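Have a look at the structure below before the remarks.
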Amino acid sequence: MSKNKQTAIVPIREQNYAEWYQQVIKAADMAENSDVRGCMVIKPWGYAIWENIQRALDIMFRETGHRNAYFPIFIPKSYFEKEAEHVEGFAKECAIVTHSRLEPDGAGGLKVAGELTEPYIVRPTSETIIGASFAKWVSSYRDLPLLINQWANIVRWEMRTRLFLRTAEFLWQEGHTVHETEAEAMEETRKMLGVYATFAKEFLALPVIQGEKTESEKFPGAVTTFCIEAMMQDKKALQSGTSHFLGQNFAKSSGIRYQSRSGEFEYAWTTSWGVSTRLIGALIMAHSDDNGLVLPPKIAPSHVVIIPIYRNEEEHEQVITFAKELEKQFKQLSFEGVKIYTELDDRDLTSSERNWYWIKKGIPVRIEIGPRDIAQNTVMVARRDQEPRDKEAVAVENLVSFIPTALSAMQEGYYQRALAFREENTVEIDDKDQFYKYFTPKNSGQPEIHGGFANAHWCGSEVCEEQIKTDLKVSIRCIPFESKEEAGKCICCGKESRRRVIFAKSY
RNA sequence: CGGGAUGUAGCGCAGUCCGGUAGCGCGCUCGGUUCGGGACCGAGAGGCCGGAGGUUCAAAUCCUCUCAUCCCGACCA
């Protein structure tokens, strides 16, 4: 084994970002491709992150008045057909169940049988099936608002997949709400986007830009789509969550009507919003480094690993006893409302082997305990946000305050680092040539990391949007809520523009 | 669905051009020495070479067909 290796992950980010991403996942043992095309197996370390995401978000949903429910994974084709735009948007990526039975084929195998009278679509999203229920649940304005969330798996038959970022099956949460008025529905749409933005910041240490999608980028069937966009370390944008104002489109197609205060029948106003396991991809690409996964402590499956170091059985005994005592003390610890979990890694591997194992998994704090430490009643502490070799001797009695403090500092540090990175790579551009130059790699054969977020004027025309997409593979990520009215010239056609939008390459 | 590539041990690969009955590294198992920055020694297990047909005394290797995967495009959270 070479001792000259500089980094735990090969290739490093700047050599081949896409490959680096795959290797980080593999090194941290988070997930793997399954034999089922396009589907992933989420392994315990990756799934624990998802569970932490779920736990935190679920509380936020609950606090904003939502309740969880569960709807069928199968959607009758006829439900799907009711909303024209919706059909158009998802038709090309549906898995369809047409049969209900297997029979012997006479050659030792099985053949499908029992054709269904109506095919079922495996949900790519649930607006239509949930709408059918909502139509029954809602009859009066007194039934509103109806605030429902479901945690589920969904299937979108993607042609090209990447672990966590785009898989044929993925896990997500979809909120579906029904409101009496347009204003209330719009407020809900905004509110839940805000919840996502807060969650991203507070838990994922991920700074996001909130904004509105353009007509061509919005959800099929929505009137308006809001999104949170985050910058990854290759300066590309990742849509990390969406919230849709559906107007009365789905209410009309599903028949969600209520009797108003004046006794009239009115179509309700609905919203839907979701985040998925893609957030884990965001997490990886926003924070990880050339030594592997880096996890914001508030979302990490475990926070501290204790690595006993010893030379013989006698020392082992002494060190392990000491380590177990510490582990016990740590069980009481928490930081910012998050319980601290500790690993004790006493595997028969060299200490450095164990250290690197946990570095690659992104555990925030590593604690080495050897005979020398016990003699001095200290331990050596290393943080994932510092160099692998940087260690600090900490007195044992200070650990219970040191650890939570370090975790909080790391959480904040990662956010600040990601925010600084995004700001460094966000520019205002008013010149078309400069814009094209900004998004053109110097080495076209193997493009280097380039570009970023470009704040530029856009006239609002889909023609210009499409032109830039064709020329540069750059799209309008969103029209930020924060963008203020400002006279300017469209970066593409030069016509009058009222505001800047964010252009970027995206996932 | 178009263009390109690849299928050989759990993983990564060599062997294919030029046919002769399968090898390397890592990992794994056992024993021992190690352990404060990716250890070492010794022993061992593990492969009908993606599948089907063909050519041949003989096929991982040549031919035909097929299946699968990956990359690049069109599409997407």
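Atom set for the values below is all heavy atoms of this structure, side chains included, hydrogens, waters and symmetry mates excluded. This one's a predicted model, so the numbers in the text were calculated from it and none came from an experiment.
When the nucleotides B:rC35, B:rG36, B:rA77 are ranked by their closest atom to the side chain of A:Ser276, B:rA77 comes out on top. Nearest to the side-chain atoms of A:Glu158 among the listed nucleotides B:rC75, B:rG37, B:rA39 stands B:rC75. With B:rG37, B:rA77, B:rC35 as the choices, the nucleotide that has an atom nearest any side-chain atom of A:Phe170 turns out to be B:rA77. Considering only side-chain atoms of A:Lys26, the nucleotide from B:rC35, B:rC11, B:rG37 that sits closest is B:rC11. When distances are taken from the side chain of A:Arg389 to each of B:rG36, B:rA77, B:rG37, the shortest belongs to B:rG37. For A:Arg278, whose side chain is taken as the heavy atoms from C-beta onward, the closest listed nucleotide among B:rU34, B:rA77, B:rC75 is B:rA77.
Taking the C1' atom of each, B:rG51 and B:rG44 are spaced 32 Å apart, rounded to whole Å. Comparing the P positions of B:rG20 and B:rC65 gives an interatomic distance of 25 Å, to the nearest angstrom. For the C1' atoms, the distance linking B:rG53 with B:rA59 amounts to 13 Å, nearest Å. Spacing of C1' atoms, B:rU61 relative to B:rU8, comes out at 12 Å, to the nearest Å. When the P atom is compared between B:rG7 and B:rG54, the two are found 25 Å apart, to the nearest whole Å. Only the C1' atoms considered, B:rU64 is 37 Å distant from B:rC26, to the nearest whole Å. Of the C1' atoms belonging to B:rG3 and B:rC40, the separation is 50 Å, rounded to the nearest Å. Comparing B:rG73 with B:rU55, their P atoms are spaced 44 Å from each other, to the whole Å.
For the pair A:Pro308 and A:Tyr357, both in contact range of RNA chain B, the more 5′-proximal nearest nucleotide belongs to A:Pro308. When each of A:Arg37 and A:Glu368 is assigned the nucleotide of RNA chain B with its nearest heavy atom, A:Glu368 is the one assigned upstream, toward the 5' end.
Nucleotide B:rC26 forms a Watson-Crick or G-U wobble pair with B:rG10, both donor-acceptor distances falling under 3.5 Å. Across the strands present, B:rC65 finds its partner in B:rG51; the criterion is a Watson-Crick or G-U wobble pair with both atom distances under 3.5 angstrom. In this entry B:rG31 has B:rC41 as its Watson-Crick or G-U wobble partner, both defining distances falling under 3.5 Å. B:rG19 makes up no base pair with any nucleotide shown, lacking Watson-Crick or G-U wobble contacts both under 3.5 Å. When both distances must be under 3.5 Å, the Watson-Crick or G-U wobble mate of B:rG36 does not exist. In this structure, B:rA60 makes no Watson-Crick or G-U wobble pair, since no nucleotide meets both defining distances under 3.5 angstrom. Remark: B:rG73 base-pairs with B:rC1. Criterion, Watson-Crick or G-U wobble with two distances under 3.5 Å.
Cation-pi geometry between A:Lys361 and A:Trp45 is satisfied (NZ or CZ under 6.0 Å from the ring centre, within 45° of the ring normal). Note that A:Lys201 lies outside the cation-pi zone of A:Phe199, set by a 6.0 Å cut-off to the ring centre and a 45° limit from the axis.
When rounded to the nearest whole Å, the span between NZ of A:Lys43 and C1' of B:rG10 equals 11 Å. Protein atom CD of A:Glu353 is 12 Å distant from nucleotide atom P of B:rG36, rounded to whole Å. For the pair A:Glu313 CD and B:rC35 C1', the computed distance is 13 Å after rounding to whole Å. In this structure, A:Lys92 places its NZ atom 12 Å from P of B:rA77, rounding to the nearest Å. B:rG36 atom P lies 17 Å from atom CD of A:Gln376, rounded to whole Å. If you measure from atom CD1 of A:Ile369 to atom C1' of B:rC35, you get 15 Å, rounded to the nearest angstrom. Distance, A:Ile306 CD1 to B:rG36 P: 18 Å, rounded to whole Å. Counting to the nearest Å, the C1' atom of B:rC75 and the CD atom of A:Glu88 are 13 Å from each other.
Between the side chains of A:Tyr357 and A:Asp29, not a single donor N or O lies within less than 3.5 Å of an accepting N or O. If you check the side chains of A:Glu327 and A:Thr342, you find no donor sitting under 3.5 Å from an acceptor.
Across all strands shown, A:Thr242 has no heavy atoms under 4.0 Å from either base or sugar-phosphate atoms. Nucleic acid contact for A:Arg347: none, since no nucleic acid atom lies under 4.0 Å from a heavy atom of the residue. Nucleic acid contact class of A:Ile359 (heavy atoms, under 4.0 Å, all strands): base. Within 4.0 Å (heavy atoms only), A:Leu238 reaches no atom of the nucleic acid at all. When heavy atoms are screened at a 4.0 angstrom cut-off, A:Asn33 is found touching no nucleic acid atom at all. No contact: A:Phe219 has no heavy atom under 4.0 Å from any strand. Residue-level contact check: A:Leu279 touches neither bases nor backbone, having no heavy atom under 4.0 Å from any strand. A:Thr167 comes within contact range of at least one nucleobase, with a heavy-atom separation under 4.0 Å. The residue A:Lys473 sits close only to the backbone: its heavy atoms come under 4.0 Å of sugar-phosphate atoms, none of a base.
With contacts defined as side-chain heavy-atom distances shorter than 4.5 Å, the pair A:Met380/A:Asp373 qualifies. Between A:Leu147 and A:His176 the shortest side-chain heavy-atom distance does not fall below 4.5 Å. Side-chain contact between A:Thr277 and A:Met40: present, with at least one pair of heavy atoms (C-beta onward) separated by less than 4.5 Å.
Checking side-chain atoms of A:Ser483 against main-chain N and O of A:Pro480 turns up a donor-acceptor pair under 3.5 Å.
Between the side chain of A:Asp373 and the base of B:rG36, at least one donor-acceptor pair of N or O atoms lies under 3.5 Å. Scanning atom types as modelled, no donor and acceptor separated by under 3.5 angstrom connect the side chain of A:Lys391 and the base of B:rG36.
The environment of A:Glu448 atom CD is dense: over 12 non-hydrogen atoms of other residues, nucleotides or ligands sit within 6.0 angstrom.
Regarding contacts with the backbone of B:rA39, a side-chain N or O of A:Thr350 is found under 4.0 angstrom from either OP1 or OP2.
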